[in-house]
Amino acid sequence: MSFETILVETRGAVTLVRLNRPQALNALNSQVLGELITAFAAYDADASQRCLVITGSEKAFAAGADIKEMSTQSFADMYGGNFFAGYDHVTATRKPWIAAVSGFALGGGCELAMMADIIIAAENAKFGQPEIKLGVTPGMGGSQRLVRAIGKAKAMEMCLTGRMMDAAEAERSGLVARVVPTDQLLDEALKLAETIAGMAPLAAIAVKEEVDAAFEMTLKEGVRFERRLFHSLFGSADQKEGMAAFVEKRPGNWTGK
Ligand code: CO8
């Protein structure tokens with residue numbers, strides 16, 4: 001696979017995706033989207049890969065959707081072309097992925113980070129939904145995922161004013177799992193990814209389904225859904241292996257079966 005706007009490499013069982021448009025602070029254009037769809041689909045399909053990290057540069061995770069690409073588009077272009085609906089393919093990734101955010105994560109950049117299962121932030125990270133300053137609104141899920149992540153009061157304030165939230169506030173507010181020194185961001189994200197990659201693969205997919213279901217279901221339905229997935233994992237070899245490994249006081253040796 002050859003890409004122009006992202007760099008993709010594998011490190012053991014972890015796929016590392018770097019947004020790579022430094023001249024535009026990693027602004028997300030249609031080419032980036034197309035390449036992300038391909039890279040995420042390849043990750044999901046590759047049984048040797050068990051976690052993915054997406055990151056940007058130290059200055060910018062991504063400064064938003066590409067304003068220069070969007071500026072002259074008409075309603076018909078956007079609506080008729082279902083602009084950026086392709087991110088639904090990215091969010092359909094079944095295996096876990098982490099956003100490692102340094103610098104600006106604005107507009108679509110913040111929204112892409114929020115599509116991840118976990119966000120880790122560098123101390124210099126800045127999150128924001130500044131679309132209102134451009135005469136538009138979030139368009140890649142920001143108004144929905146930000147409310148779910150940090151609650152209505154702060155989400156509404158951020159979307160109505162376009163103000164940026166620093167890493168410390170993002171951690172306090174529940175947007176990010178952890179803040180780490182900027183020069184350690186990638187190492188810490190890869191360490192976390194390796195930990196997740198070391199877990200039973202089917203259980204990791206099931207955990208994602210269950211936690212994500214909490215945003216879609218009533219508590220009763222969600223608990224039932226979780227219980228059924230729990231039951232179903234007793235049909236897997238990895239459940240037998242995991243419980244035998246515990247009894248035998250050794251690490252589990254997962255097959256993903
Ligand atoms: N799009 C295109 N180019 C950008 C973007 C962007 N979002 N952000 C920065 N750039 C470019 C700049 O134009 C500049 O290019 P050039 O050198 O050719 O002029 C280069 O990157 C460097 O940027 P700056 O000189 O502005 O760097 P600063 O350090 O001075 O400022 C900021 C950094 C504060 C991040 C500033 O660049 C900025 O405010 N950027 C725009 C942030 C923004 O408004 N983001 C939201 C965009 S809209 C959006 O994301 C909508 C998502 C939903 C779309 C889906 C619809 C369905």
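Both ligands and their constituent atoms are indexed starting at 1 by order of listing.
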Would you say [atom] has a protein heavy atom nearer than 4.0 Å?
| atom | value |
| --- | --- |
| atom 17 (O) of ligand 1 | no |
| atom 30 (O) of ligand 1 | no |
| atom 44 (O) of ligand 1 | yes |
| atom 39 (O) of ligand 1 | no |
| atom 36 (C) of ligand 1 | no |

Measure the distance from [atom] to every protein heavy atom, then report the residue, atom name and distance (to 0.1 Å) of the closest one.
| atom | value |
| --- | --- |
| atom 11 (C) of ligand 1 | A24 CA, 3.9 Å |
| atom 19 (O) of ligand 1 | K68 NZ, 4.0 Å |
| atom 20 (C) of ligand 1 | Q23 O, 3.4 Å |
| atom 53 (C) of ligand 1 | G139 N, 3.5 Å |
| atom 1 (N) of ligand 1 | I67 N, 2.9 Å |

Any chance [atom1] of [X] has more than 12 other-residue heavy atoms, nucleotides or ligands included, within less than 6.0 Å?
| X | atom1 | answer |
| --- | --- | --- |
| K257 | NZ | no |
| M78 | CE | yes |
| R94 | CZ | no |
| F234 | CZ | yes |

Under 4.0 Å, heavy atoms only, figure out whether ligand 1 is touched by the backbone of [X], its side chain, both or neither.
| X | answer |
| --- | --- |
| M78 | neither |
| E111 | side chain |
| L28 | neither |

Are F40 and W97 an aromatic pair, judged by ring center distance below 6.0 Å?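 Judged by ring-centre distance (under 6.0 Å), W97 and F40 do meet the cut-off.
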Just going by heavy-atom distances, which of P22, A63, G109, G64 is nearest to atom 42 (C) of ligand 1?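 Answer by nearest heavy atom: A63.
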Between L33, L25, L106, flag the one that comes closest to atom 22 (C) of ligand 1 by a heavy atom. L25
At their closest point, which heavy atom of I98 faces which heavy atom of C51, and how far apart are they?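 For I98 versus C51, the nearest heavy atoms are CD1-SG, 3.9 Å.
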Rounded to the nearest 0.5 Å, what separates atom [atom1] in [X] from atom [atom2] in [Y]?
| X | Y | atom1 | atom2 | result |
| --- | --- | --- | --- | --- |
| L112 | M140 | CG | CE | 5.5 Å |
| M70 | E131 | CE | CD | 8.0 Å |
| E111 | R145 | CD | CZ | 8.5 Å |
| L146 | K154 | CG | NZ | 10.5 Å |
| L36 | L19 | CG | CG | 6.0 Å |
| E194 | R50 | CD | CZ | 13.5 Å |

Could E188 and K191 be called an ion pair, given the rule that one side-chain N must be under 4.0 Å from one carboxylate O? yes
With heavy atoms of [X] as the reference, note each atom of ligand 1 found under 4.0 Å away.
| X | value |
| --- | --- |
| G108 | 49 (C), 50 (O), 52 (C) |
| L134 | 44 (O), 47 (C), 48 (S) |
| A27 | 1 (N), 2 (C), 6 (C) |
| D66 | 1 (N), 2 (C) |

Polar contact flag for [X] and ligand 1 (N/O pairs, less than 3.5 Å):
| X | result |
| --- | --- |
| P130 | no |
| F83 | no |
| F104 | no |
| K59 | yes |

Take I6 and I54, measure what side chain to side chain contact (heavy atoms under 4.5 Å, CB included) needs, and give me the verdict at the end. CA-CA 10 Å; I6 60 174; I54 183 166; over 6 Å; no
